[in-house]
Chemist: 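Sharing a structure, written as structure tokens. Questions coming.
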Amino acid sequence: MSAHGSAVVLPSRSPLPSPPVRLLQRTILQWYRRHGRSLPWRGIRDPYRILLSEVMLQQTQVSRVLVKYPLFLKRFPTIAALARARRADVVRTWQGMGYNNRAVRLHALAQEVAARHKGRIPGTEEALTSLPGIGTYTARAILCSAFGMPVSFVDVNIRRLLSRVFQKMPDTGSMVPEPRAREIAEAALDRTHAYDWNQALMDIGATICTARNPLCTACPLARLCISAGSMGAPAPTKKKPERSLYGIPHRIYRGRIIEQLRLSGPRRALPLASLGPKVLPQFGPRHTGWLERLMKGLERDGLVRITSRRGIPVVRLA
DNA sequence: CAACCGTGGAG
DNA sequence: TCTCCAAGGTT
């Protein structure tokens, strides 16, 4: 490739005014050695523990995972133990993590690994992404962390950081398109220190190159970054209204239902009708259809089971 | 592919 | 109080 100090050659039509890659790599790895975070899933190779951390970290802050990760592992120490467990127990243990479908998929994943992979988490991107709850990002992160492969991957932290470093961003919120981010990540990857490199990018993205108020003054990349200090105000960010009832998104009600079922004892079924008021304060007869539909959705997702006791519908965690 | 899927801390 | 956002994945 190029000698020290030359510009990066990124696979794109027009070469970007990019910082020299080697210098960037050295700077980042140096910073990582001093300031990299020490996390329970760092410096280990156990594929189950790596996979669990990655799934937990999907759209979820590190601070929250730090609390649940050890508890979950204590309850389900191995992927075999997880596969054997009742789904309801997995969902209960997932309490506080959000996106409860992840718990369902994680449980299904464990059973699939037991059934189709002899209990071993597979080590190829294709096999991994074919597992429930594992997408491109998670698969590649696992390949890098658990199997020591020199692969690049892009999460929101890495995408934001690379966007700012390699592209002049009009505002703090904007980022390069996902496909472009993958190109840049692949071109910038330090293949001889892939693990540290990727972890470092995420650490800087999460603690310095943050979404709202990037701490450019404390950033080791300030001198190399195209956007350093010169990012406009936060974008206008107009979000589309979410499907909701009384201003509250449906998924929040779903969460409330699951929470109620968690609180009820193990194997305990609750009358469907009793859930209404617990989930919607002003619950009335005209909301029964709404509640019914909500419950059907949860049942489709494998989170709850709806049965009938003495003619009245009852619900429990699946 | 746009919409859906939780939860709670931070600003 | 209210909005934003977080190691994404699935349909």
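So that the names make sense, note that chain A is the first sequence line, chain B the second, and so on, each numbered from 1.
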Chemist: Looking at every strand, decide which applies to Ile134(A) at a 4.0 Å heavy-atom threshold: base, sugar-phosphate, or nothing.
Modeler: sugar-phosphate

Chemist: Whole angstrom is fine here: how far is it from CG in Leu294(A) over to P in dC4(B)?
Modeler: 13 Å

Chemist: Taking Ser230(A)'s backbone N and O only, do any of them form a donor-acceptor pair with Ser227(A)'s side chain (distance below 3.5 Å, no angle check)?
Modeler: no

Chemist: Rounding to an integer number of Å, can you tell me how far Arg140(A) CZ sits from dG9(C) C1'?
Modeler: 16 Å

Chemist: On the 0 to 90° scale, with breaks at 30° and 60°, tag the Phe283(A)-Trp290(A) ring pair as parallel, tilted or perpendicular.
Modeler: tilted

Chemist: Kindly state which residues belonging to residues 55-66 of chain A come within less than 4.0 angstrom of DNA chain B, counting heavy atoms of the residue only, listed by number.
Modeler: Gln59(A), Thr60(A), Gln61(A), Arg64(A)

Chemist: So if I take every side-chain heavy atom of Tyr137(A) and compare against dG9(C), dT7(B), dC5(B), which nucleotide ends up nearest?
Modeler: dG9(C)

Chemist: Counting only side-chain N and O atoms of Arg300(A), is one of them less than 4.0 Å from OP1 or OP2 of dC5(B)?
Modeler: no

Chemist: Please find the pair of heavy atoms, one from Met97(A) and one from Val65(A), that lie closest to each other, and give the distance.
Modeler: CE-CG2, 4.1 Å

Chemist: Just checking His35(A) against Trp31(A), ring centres under 6.0 Å apart?
Modeler: yes

Chemist: When the P atoms of dG9(B) and dG9(C) are compared, how many Å lie between them, rounded to an integer?
Modeler: 25 Å

Chemist: Below 4.0 angstrom from OP1 or OP2 of dC5(B), is there any side-chain N or O of Asn101(A)?
Modeler: no

Chemist: Between dT7(B), dC5(B), dA7(C), which one does the side chain of Arg254(A) approach most closely?
Modeler: dC5(B)

Chemist: Using every non-hydrogen atom in the two residues, find where Ala146(A) and Arg45(A) come nearest and quote the distance to one decimal.
Modeler: O-NE, 3.3 Å

Chemist: Which sits closer to the 5' end of DNA chain C, Arg37(A) or Leu131(A), going by the nucleotide each is nearest to?
Modeler: Arg37(A)

Chemist: May I ask you to say what Trp94(A) touches in the nucleic acid, namely base, sugar-phosphate or nothing, with a heavy-atom cut-off under 4.0 Å?
Modeler: nothing

Chemist: Expressed as a whole number of angstroms, how long is the span from Ile252(A):CD1 to dT7(B):P?
Modeler: 7 Å

Chemist: How far does the C1' atom of dC1(B) sit from the matching atom of dG8(C), given to the nearest Å?
Modeler: 16 Å

Chemist: Return the nearest nucleotide to the side chain of Asn100(A); candidates are dT7(B), dA7(C), dC5(B).
Modeler: dT7(B)

Chemist: Which residue lies toward the 5' end of DNA chain C, Thr210(A) or Pro132(A), if each is placed at its nearest nucleotide?
Modeler: Thr210(A)

Chemist: Which listed nucleotide (dT10(C), dT7(B), dG8(C)) is nearest to the side chain of Arg105(A)?
Modeler: dT10(C)

Chemist: Look at Lys240(A) and dA3(B) and indicate whether a side-chain polar atom (N or O) is within less than 4.0 Å of OP1 or OP2.
Modeler: yes

Chemist: Count I, L, V, M, F, W, Y as connected when their side-chain heavy atoms are under 4.5 Å apart, and connections chain through other members. Are Ile158(A) and Val156(A) then in the same cluster?
Modeler: no

Chemist: For dC5(B) and dC5(C), measure between their C1' atoms and round to the nearest Å.
Modeler: 16 Å

Chemist: At 4.0 Å (heavy atoms only), tell me whether Gly135(A) reaches a base, stays on the sugar-phosphate, or touches nothing.
Modeler: sugar-phosphate

Chemist: Measure CG/Leu201(A) against P/dA7(C) and give the value in whole Å, please.
Modeler: 13 Å

Chemist: In this structure, would Leu275(A) and Ile312(A) fall into the same cluster of hydrophobic residues linked by side-chain contacts under 4.5 Å?
Modeler: no

Chemist: Assuming nearest nucleotide by heavy-atom distance, tell me which of Ile258(A) and Glu242(A) is located more 5' along DNA chain B.
Modeler: Glu242(A)

Chemist: Name the residue from Ile208(A), Ile28(A), Ile226(A) that meets the side chain to side chain contact (heavy atoms under 4.5 Å, CB included) definition with Leu221(A).
Modeler: Ile28(A)

Chemist: What distance, rounded to whole Å, do you find between the two C1' atoms, one in dT7(B) and one in dT11(C)?
Modeler: 23 Å

Chemist: Is a donor-acceptor pair below 3.5 Å formed from side chain Arg212(A) to base dG11(B), judging by atom type as modelled?
Modeler: no

Chemist: Send over the distance from Arg251(A) CZ to dT10(C) P, rounded to a whole Å.
Modeler: 18 Å

Chemist: Take atom CE of Met97(A) and atom P of dG8(C), then tell me their distance rounded to the nearest Å.
Modeler: 12 Å

Chemist: In whole angstrom, give me the gap between the C1' atoms of dG6(B) and dC4(C).
Modeler: 15 Å

Chemist: Is any side-chain N or O of Arg243(A) closer than 4.0 Å to OP1 or OP2 of dA3(B)?
Modeler: no

Chemist: Verify the distance criterion only: is there a donor paired with an acceptor across the side chains of Asn100(A) and Arg105(A) at less than 3.5 Å?
Modeler: no

Chemist: Among dA3(B), dG6(B), dG9(C), find the nucleotide with the atom closest to the side chain of Thr138(A).
Modeler: dG9(C)

Chemist: Between dT10(C) atom C1' and Leu303(A) atom CG, what is the distance in whole Å?
Modeler: 14 Å

Chemist: By the 4.0 Å heavy-atom rule, please label Ala211(A) as base, sugar-phosphate, or nothing.
Modeler: sugar-phosphate

Chemist: Can you tell me which nucleotide in dC5(B), dA7(C), dG8(B) comes closest to the side chain of Gln95(A)?
Modeler: dG8(B)

Chemist: Provide, to the nearest angstrom, the distance between the OH atom belonging to Tyr99(A) and the P atom belonging to dA3(B).
Modeler: 15 Å

Chemist: May I ask whether Leu52(A) and Leu71(A) are part of the same hydrophobic cluster, defined by side-chain heavy atoms of I, L, V, M, F, W, Y residues being less than 4.5 angstrom apart, directly or through others?
Modeler: no

